[in-house]
Amino acid sequence: PTYAIGVFNPATATIADSDTYANTAPAGAAVRVTSASSVTLTWTDNFETNTKYRVRRSTNQTTWTGFDAGAGATSHTFTGLAPGIPHFFQVRAERATFEGTNNSLWSAVLPATPSALNAWRAAHLAANASEGHAADQADPDADGLPNLLEYALGTHPAEPASRAMP
C-alpha cells in the first residue's frame, strides 16, 4: 500500500494507517579516520523499527553518495577517500514507509601523507595521533624509553625486550 504523511512535526511523523514513528536521528554519531584513505562513521542504534540505516558522504554538501547499512548496524566504513579535502557524513534510520531525519553533519579531512612518525605509530601502536599510549612521552612497555626515543632508536614501543644494539 501507499502511505501518505498526514501530520509532520520535528518530534513524530504520523502515517496514514495511524502508525506513529518517532522521528529520531541515530544518537552518538562520530567520525574517525581509520587509514590514509578511509573513515569510519559510528552511531547508536536507537530506532527500533527501522529496516536500514542510510549513510551519506559528500565533498561539497550538495551532491551526496548514499550507502545502506542494515537494521541494527552501528557503523559504516568509507574507503577510497581522497586525502587533503573535506569529506562530510550523515546517517539516518529508514524503513519502507518512513525516512528518519538525518543526524548532524560530521566532517573529516584525511592527511595528504602521514608523517614517518605517524606511520610508525600506526604500525607499532595502532594509533595515528600523539595521544594516550601513543603520545611522544608515553612509555607503553615501561622500559624507560618514551615513544619518541623508541622511534629514533628503531626499537618497538610495546616490547620491553626490544632494545637498540650499541
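Atoms considered below: every heavy atom in the structure, side chains included; atoms not considered: hydrogens, waters and symmetry mates.
Scanning both residues, Pro160 and Ala158, for their nearest heavy atoms gives CD-O, 3.8 Å. Counting all heavy atoms, side chain and backbone alike, Ser75 lies closest to Thr40 at CB-CG2, 4.2 Å. The nearest pair of heavy atoms linking Thr44 to Tyr53 is O-OH, 4.3 Å. The heavy-atom pair separating Asp141 from Asp139 by the smallest distance is OD1-OD1, 2.7 Å. Between Pro157 and Pro140, the shortest heavy-atom distance links the atoms O-CG, 3.3 Å.
Between His76 and Trp43 there is a side-chain heavy-atom pair separated by less than 4.5 Å. Between Thr42 and Arg32 the shortest side-chain heavy-atom distance does not fall below 4.5 Å. Residues Asp68 and Arg54 have side chains in contact (heavy-atom distance under 4.5 Å, counting atoms from C-beta outward).
Side-chain contact annotation: Ser58 with Thr63, donor-acceptor N/O pair under 3.5 Å absent.
Judged by distance alone, with hydrogens and angles left aside, the side-chain atoms of Arg121 form a donor-acceptor pair with the main-chain N or O of Ala134 at under 3.5 Å. Although no hydrogens or angles enter the test, the distance criterion places no donor-acceptor pair under 3.5 Å between the side chain of Asn147 and the main chain of Tyr151. Side-chain N or O atoms of His87 include none that pairs as donor or acceptor with a backbone N or O of Arg57 at under 3.5 Å.
A distance of 7.0 Å separates OG1 of Thr155 from CG of Leu149, quoted to the nearest 0.5 Å. In this structure, CH2 in Trp120 is found 8.0 Å from CG in Leu148, a value given to the nearest 0.5 Å.
With hydrophobic clusters built from ILVMFWY side chains whose heavy atoms lie under 4.5 angstrom apart, Val109 does not share a cluster with Phe88.
Using cut-offs of 30° and 60° for the angle between ring planes, the Phe78 and Phe89 rings count as tilted.
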